[in-house]
Structure formats: structure tokens, C-alpha cells
Amino acid sequence: MPISPQEFLRKYGFDKEEEEPDHSLRHNAMEHARHLKRPHAGTPHDWEEWKRFKKEHPDQVEDDD
């Protein structure tokens, strides 16, 4: 007795929908904040802030490599 395609998918675990990665601006901003890296561009003030932050919080900054 043949089974329907939906039953087949359920039986073998293919009916689970995969979560799509979150590409919202909020998610991207949170990822950027969690993984602090050296800026690629910016004003001299941005670079001064970066150097000061890196000096004050060396454990929160990822390597420049």
C-alpha cells in the first residue's frame, strides 16, 4: 500500500522545517557587538575610541588576524 508524500516525509524526519538564519539589522548589530574587531574605516575619533577600548578591555576584543 503506497503512502502519501507527507506521510513519507514525516516517517523519515524530513518534515521539519529548517530555521532560516536571522539576517535582521538587530541580529547583525548584536553579532558585531559580541565579536569586536578592529574597524576597517572611520574617522580619527573612531580610531581613538577603538584604541582606548582595546587598551581598557583587552579580553573583549578579538585578535586583528
Side-chain angles (χ1 to χ4, degrees):
M1 178 166 104
I3 62 174
S4 71
Q6 288 81 13
E7 290 174 358
F8 177 84
L9 293 174
R10 249 182 275 137
K11 182 177 179 180
Y12 293 101
F14 293 110
D15 63 337
K16 300 174 186 164
E17 292 189 25
E18 296 179 16
E19 284 188 31
E20 293 194 23
D22 185 9
H23 294 291
S24 66
L25 291 175
R26 182 179 189 282
H27 173 76
N28 292 345
M30 293 299 289
E31 284 298 310
H32 179 72
R34 286 189 192 117
H35 306 287
L36 295 173
K37 296 181 181 175
R38 183 179 66 83
H40 296 288
T43 66
H45 300 290
D46 294 335
W47 283 97
E48 290 171 1
E49 284 184 14
W50 168 252
K51 289 176 184 176
R52 184 171 47 249
F53 183 83
K54 189 174 178 179
K55 192 182 300 180
E56 294 172 1
H57 308 282
D59 56 327
Q60 295 180 12
V61 177
E62 292 185 4
D63 292 332
D64 291 341
D65 297 336

State which residues pass salt bridge (charged side-chain N to carboxylate O under 4.0 Å, His left out) with Glu56; sequence neighbours excluded, sorted by chain then number.
-> none

Say you draw a straight line from CE of Met30 to OG of Ser24; how long is it, rounded to the nearest 0.5 Å?
-> 10.5 Å

Output all residues satisfying ring pair (Phe, Tyr, Trp, His ring centres under 6.0 Å) with His45, sequence neighbours left out; order by chain, then residue number.
-> none

Apply side chain to side chain donor-acceptor pair (under 3.5 Å) to Asp46 and list each qualifying residue two or more places apart in sequence or on a separate chain.
-> Thr43

Rounded to the nearest 0.5 Å, what separation is found between the CD atom of Glu31 and the CZ atom of Arg26?
-> 11.5 Å

Give, for atom NZ of Lys54 and atom NZ of Lys51, the distance between the pair rounded to the nearest 0.5 Å.
-> 9.5 Å

Where is the tightest heavy-atom contact between Asn28 and Asp22, given as atom of each residue plus distance?
-> OD1-O, 4.4 Å

Check whether more than 12 heavy atoms from other residues, nucleotides or ligands sit under 6.0 Å from atom CD1 of Ile3, and answer yes or no.
-> yes

